[in-house]
Protein chains: 2
Amino acid sequence: MSPKLHLQIDERSGVPVYRQMMDQFKYYVAGGTLRPGDQIPSIRELAAALSVNPTTVVKAYTELERAGLIEKRHGKGAFVAPNAQALTAAEQDVALRRSAKQLAVEATQLQVPSPKVISVVREELGALYVDRTVEDLPVKFAVVSGDS
Amino acid sequence: MSPKLHLQIDERSGVPVYRQMMDQFKYYVAGGTLRPGDQIPSIRELAAALSVNPTTVVKAYTELERAGLIEKRHGKGAFVAPNAQALTAAEQDVALRRSAKQLAVEATQLQVPSPKVISVVREELGALYVDRTVEDLPVKFAVVSGDS
DNA sequence: TTCTGTGTATGGCTGTCATCACACACCCGT
DNA sequence: ACGGGTGTGTGATGACAGCCATACACAGAA
């Protein structure tokens with residue numbers, strides 16, 4: 001039913017909260033963690049877990065619904081749409097490259113040597129895998145708002 | 001005087017434009033590419049180069065000035081502040097980690113294997129170095145707004 | 001003075017988010 | 001069947017931030 005999600009909101013990033021939520025749901029669907037029919041957190045539940053206003057979640061869910069990715073059912077909850085399309089491999093690549101490029105630009109401007117960049121990325125990837133294992137507890141949705 | 005800068009604005013990222021500009025100037029100063037006394041692009045010039053409204057650049061410059069990083073002189077232009085502090089190594093690390101973490105989160109949600117992530121990062125880093133060499137032309141400020 | 005570069009100031013449109021009050025669907029005890 | 005409690009999504013309103021368009025003010029050279 002409800003796969004364990006790991007949503008992360010960075011308030012200081014400047015990126016609208018509803019957009020951060022949308023992207024992450026997209027990625028979960030694209031990666032196959034969320035599958036058609038799966039129930040996702042209720043608006044209130046997610047709002048509480050992430051410490052944001054319910055209206056913000058509403059906006060994200062509404063947009064996702066308009067994109068055909070999820071369905072809201074009054075009084076029942078929200079679900080991944082039956083025909084929710086996973087991102088194509090190409091689209092996944094674009095999304096990933098987008099982040100990678102920003103990192104690269106930043107590193108270049110900071111004049112950080114490439115090997116250092118790579119090692120930091122490795123560390124952060126490793127840190128997440130740790131989280132994933134630790135997360136085999138009765139927590140449905142884990143949240144990190146600030147930094148680790 | 002005016003070192004060759006390479007500013008990059010991603011309009012679709014959701015991050016406020018003025019914030020993207022601020023960050024990149026910060027990074028250039030932190031990395032030593034921009035040094036105290038250096039003249040930076042005029043408000044109009046930068047606005048034209050990036051295809052944004054001058055007021056947006058004003059906001060970025062005003063904030064940077066308030067942070068003590070640059071100085072605006074009426075009728076003359078904008079310059080890196082005499083006592084502009086480069087970021088400490090620790091602060092640089094924080095900034096870099098921030099981007100790296102976001103990339104890691106995204107990759108994890110997309111279930112992209114780590115080696116793939118690393119290789120993409122390497123590619124993007126490489127692409128930027130290419131740009132840097134190519135940029136030995138009479139262009140003072142090069143801009144990339146969309147994707148490469 | 002006049003021209004041309006520079007930074008400055010104001011108002012308006014849009015997007016983002018919070019607050020608060022409302023409406024629908026289910027379940028359970030009566 | 002009923003009726004209420006609890007969960008769910010919905011909608012109206014207001015405050016504030018980002019961005020743009022436009023007109024104004026200063027500095028230096030012709």
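Letters A, B, ... mirror the listed sequences (proteins, then strands); counts begin at 1.
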5' precedence on DNA chain C between A:Gly75 and A:Val15 (nearest-nucleotide basis): A:Val15
Nucleotide of D:dC20, C:dC17, C:dT8 approaching B:Val58 most closely (side-chain heavy atoms): C:dT8
D:dG9 base / A:Arg73 side chain donor-acceptor hit below 3.5 Å: no
Rounded distance in Å - CD (A:Glu11) to P (C:dT16): 17 Å
Nucleotide C:dA21, atom P - distance to CG of A:Asn53 in whole Å: 14 Å
Side chain of B:Pro16 - closest among D:dG28, C:dC17, D:dG18: D:dG18
cation_pi(B:Lys59, B:Tyr18) dist<6.0 Å, angle<=45: yes
Integer-rounded Å distance: C:dC24 C1' and A:Lys76 NZ: 12 Å
Cationic N near anionic O, under 4.0 Å, B:Asp10 to A:Arg98: yes
Nearest listed nucleotide, side chain of B:Val52, among C:dC17, C:dT19, D:dC20: D:dC20
Under-4.0 Å side-chain N/O to phosphate OP1/OP2 contact, B:Ser42 with C:dT6: yes
B:Leu50 CG - D:dC19 P separation (whole Å): 12 Å
Nucleotide of D:dG9, C:dT16, C:dG7 approaching A:Lys59 most closely (side-chain heavy atoms): C:dT16
Donor-acceptor pair present, B:Arg44 side chain and C:dG5 base, under 3.5 Å: no
For atom CG of B:Leu64 and atom P of C:dG7, their distance in whole Å: 13 Å
First encountered from the 5' end of DNA chain C, between A:His74 and A:Thr55: A:Thr55
d(CD, A:Gln39; C1', D:dG7) in whole Å: 11 Å
Note: B:Glu65-B:Lys72 ion pair, threshold 4.0 Å (strictly below): yes
Integer-rounded Å distance: D:dG7 C1' and A:Phe79 CZ: 12 Å
Sugar-phosphate, base or nothing in reach of A:Tyr61, heavy atoms under 4.0 Å: nothing
Residues A:Glu71, A:Arg73: salt bridge by 4.0 Å N-O rule: yes
Pair A:Ser13-B:Gln102, side chain to side chain donor-acceptor pair (under 3.5 Å): steps then yes or no: CA-CA 10 Å; A:Ser13 71; B:Gln102 180 178 345; over 6 Å; no
Whole angstrom value for the distance that separates P of C:dG5 from CG of B:Leu46: 17 Å
